[in-house]
A.B. asks: 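Please find one structure pasted underneath; my questions will follow.
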Amino acid sequence: MNKIKIFDTTLRDGEQSPGVNLNFQEKMEIARQLEKYGVDIIEAGFPAASKGDFQSVREIANTIKGCSVTGLARAVKSDIDTAWEALKGSEEPRLHVFIATSPIHMAYKFNKKPEEIVEIAVEMVKYASKFFPVIQWSAEDASRSELPFLAHITEEVIKAGANVVNLPDTVGYTTPKEYGAMFSYLKENVPNIHKVDLSTHCHDDLGMAVANSLAAVENGATQIEGAINGIGERAGNAAIEEVAVALHTRKDFYQSYTNITLSETKRTSDLVSKLTGMAIPANKAVVGRNAFAHESGIHQDGFLKNRSTYEIISPELVGVQQKEVVLGKHSGRHAFRTHLMDLGFTLQDNQIDSLFEKFKDLADKKKDVTDDDLFSLVLQKTVNSDELYKLDSLQVQYGSHNIPTATITLTKNDGESVQEAATGSGSVEAIYNTLNRCIDSELKLLDYRLQSINGGPDALAEVFVKIEGNGVEASGRGLAYDVLESSAKAYLNAINRMIAIQEYRKETKQEVM
């Protein structure tokens, strides 16, 4: 059985998904869960991209000890220097440095000849080896590169000190047969290829990212890169959870295994989905709501007689609980704490106390509080703790023959109170116009999404919004029993995050991009 290393890029390539904007607490929450999930390498970000990215990468590298942490760098000395400063405190400082190798990229992006690209790649790998014990070199757009040149530059960077060679399908263009053949070609034509791990990095533009990654494993790859839920640039990356479950379920074919703790799959997927605001399609493989549903009468009959007739993956394998414990208003503090521990949360006593009060408030309005309710409740509390404005009161007047009017009172963290009222064509617009007045700013609503946590008339409402103001975009989430309250909380959460970004940029004198 071959060990396949899992390289997770949720916090780097995944965060480049349009509309995704994670703050530091959210990145750290995801990093801790990825460590628990059992990935081998976490790509925490691109340290040279901004001071915010640098600080996030540094803190994650200094905190996470159960797996390797890496950061991305262009083949530029300043990027490598910045990455070292961010990563030098990690258990195993690891650099991910890249340069493009396809004719179209070399000609139009770099305006350089192939031999010049080889010279840069070799020089930068040698330079990085002065600092980093592990260097991963990536041939950007490898799948559209000429194979003899790809073999030549790979041989040279291995001589220079590369420990991992990554061959990305950067634009999601290749097919499993072609991608597998590329790995075979390098195995046969690079004399020192045995000295490195060969890695995949596949995008899903043609819907073949997972298939291409697995084809590479068949042809000698020992590392797979991807992101949770397959998020990432354009159509996204190979979905880590799909790759891990495929290698486990078909280990008879692939003769490979990973260190992934499969029972943490659903929790990891849900965490990333909620923090990024990217909903999981119901028919998504492995983690979708319908992944284990059987509606066809023929399927149901066979399933009831023998589950294996129509179920190749058990829900329990990936952490889907068929019978969850339900808490209610009579549940005590001990049961509440124990259940949170069972769900995988590690919280301090003061956090438990605060959450228990919110749980009791929710239980008074909702008969049964489910695992999904608790998950959203804890997440809302732990990642949005530092806020400039807090919602003190909300009142909305609405009628079929009246103009919707909202009255809102906010409390600033210095104790000052702000109250405003405004109208709108609908209740939500009235709320958002009022909040704009409260902060004396005209913000643009770019996205608004509403979903329920579980079903039923007493379900919690979760709202995701994205706003823009003064050249800064920010997203926010709100959770409440009432849809309007949840909408207000989401918008206010986005406002707080936007203000934090603006203040940070002032302090660091960053330009608004």
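All figures in this text were calculated on a predicted structure; none of them were measured in a lab.
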A.B. asks: Looking only at side chains, do Glu241 and Thr265 share a donor and an acceptor under 3.5 Å apart?
C.D. replies: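 Per modelled atom types, Glu241 and Thr265 side chains form no pair under 3.5 Å.
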A.B. asks: Regarding Lys77 and the six-membered ring of Tyr127, is the cationic atom NZ or CZ under 6.0 Å from the ring centre and inside 45° of its axis?
C.D. replies: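 The answer is yes; both the distance and angle limits are met.
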A.B. asks: So, do His203 and Val171 sit near enough that their side-chain heavy atoms are less than 4.5 Å apart?
C.D. replies: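 Not in contact.
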A.B. asks: Sub-3.5 Å donor-acceptor pair from the side chain of Glu91 to the main-chain atoms of Ile64, do we have one?
C.D. replies: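 Checking the backbone N and O of Ile64 against the side chain of Glu91, no donor-acceptor pair under 3.5 Å is found.
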A.B. asks: Verify, without hydrogens or angle tests, whether Asp79 (side chain) and Ala75 (backbone) share a donor-acceptor contact under 3.5 angstrom.
C.D. replies: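 Looks like no, no N/O pair under 3.5 Å.
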A.B. asks: Do the non-hydrogen side-chain atoms of Met124 and Val76 ever get within less than 4.5 Å of each other?
C.D. replies: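 Of all side-chain heavy-atom pairs linking Val76 with Met124, none is under 4.5 Å.
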A.B. asks: Taking the side chain from Glu26 and the backbone from Asn23, do they hold a donor-acceptor pair closer than 3.5 Å?
C.D. replies: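 Yes.
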A.B. asks: Regarding Asn166 and Ser138, do their side chains bring together a donor and an acceptor under 3.5 Å, going by distance alone?
C.D. replies: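 There is such a pair (donor and acceptor under 3.5 Å, judged by atom type) between the side chains of Asn166 and Ser138.
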A.B. asks: Would you call Lys51 and Asp53 a salt bridge, using N to O less than 4.0 angstrom?
C.D. replies: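 Looking at Lys51 and Asp53, the cut-off is not met.
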A.B. asks: Between Glu242 and Lys284, does any NZ, NE, NH1 or NH2 come within less than 4.0 Å of an OD or OE carboxylate oxygen?
C.D. replies: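 A salt bridge links Lys284 with Glu242.
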A.B. asks: Sort out for me which residue in Glu140, Gln223, Glu225 forms a side chain to side chain donor-acceptor pair (under 3.5 Å) with His201.
C.D. replies: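 Only one option passes, and that is Glu225.
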A.B. asks: Check whether any side-chain heavy atom of Leu271 lies under 4.5 Å from a side-chain heavy atom of Ile228, and answer yes or no.
C.D. replies: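 The answer is no; the side chains never approach within 4.5 Å.
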A.B. asks: Test your reading of the model: is there a side-chain donor-acceptor pair from Ser90 to the backbone of Ala61, 3.5 Å cut-off?
C.D. replies: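 A pair under 3.5 Å: no.
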A.B. asks: Whether the side chain of Glu43 engages the backbone of Asp13 through a donor-acceptor N/O pair (distance < 3.5 Å, no angle test) should be reported.
C.D. replies: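 Looks like no, no N/O pair under 3.5 Å.
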A.B. asks: Are Asp270 and Lys274 ion-paired here, with the side-chain N under 4.0 Å from a carboxylate O?
C.D. replies: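 Salt bridge flag = no for Lys274 with Asp270.
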A.B. asks: Any side-chain donor-acceptor pair under 3.5 Å between Thr101 and Ser145?
C.D. replies: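 There is such a pair between these side chains.
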A.B. asks: Classify the angle between the aromatic ring planes of Tyr179 and Phe183 as parallel (below 30°), tilted (30 to 60°) or perpendicular (above 60°).
C.D. replies: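 If you compare the ring of Tyr179 with that of Phe183, the planes turn out perpendicular.
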A.B. asks: So, Arg32 and Glu35, do they make that salt bridge, N to O below 4.0 Å?
C.D. replies: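 No, Arg32 and Glu35 are not salt-bridged.
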A.B. asks: Check Asp40 with Lys3, please: is the shortest side-chain N to carboxylate O separation under 4.0 Å?
C.D. replies: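 Answer for the salt bridge query: yes.
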A.B. asks: How about Phe7 and Val164: do any of their side-chain heavy atoms sit closer than 4.5 Å?
C.D. replies: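 When only atoms from C-beta onward are counted, Val164 and Phe7 do not touch, as no gap falls below 4.5 Å.
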A.B. asks: Under a 3.5 Å cutoff, is there a donor and acceptor pairing between the side chains of Gln33 and Arg267?
C.D. replies: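 On atom types as modelled, these side chains qualify, holding a pair under 3.5 Å.
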A.B. asks: Would you name the heavy atoms of Ala162 and Val125 that are closest together and state the gap between them?
C.D. replies: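 Looks like N-CG1, 3.6 Å.
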A.B. asks: State, with a plain yes or no, whether a side-chain heavy atom of Tyr254 is found less than 4.5 Å away from one of Ile4.
C.D. replies: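 Tyr254 does not reach Ile4 side chain to side chain.
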A.B. asks: Output yes when Lys130 and Asp81 qualify as a salt bridge under the 4.0 Å nitrogen-oxygen rule, no when they do not.
C.D. replies: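 Answer for the salt bridge query: no.
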A.B. asks: Quick one: do Arg94 and Glu92 make a salt bridge, cutoff under 4.0 Å?
C.D. replies: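 The answer is yes: the pair qualifies as a salt bridge.
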A.B. asks: Would you say Asn2 and Ser256 make side-chain contact, with heavy atoms under 4.5 Å?
C.D. replies: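 Counting from C-beta outward, Asn2 and Ser256 do come under 4.5 Å.
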A.B. asks: Does any non-hydrogen side-chain atom of Arg497 lie less than 4.5 Å from one of Arg477?
C.D. replies: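 Touching, per the 4.5 Å side-chain cut-off.
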A.B. asks: Flag the pair Met208 / Thr175 as yes when at least one side-chain heavy-atom distance between them is below 4.5 Å, and no otherwise.
C.D. replies: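 With C-beta onward as the side chain, the pair touches.
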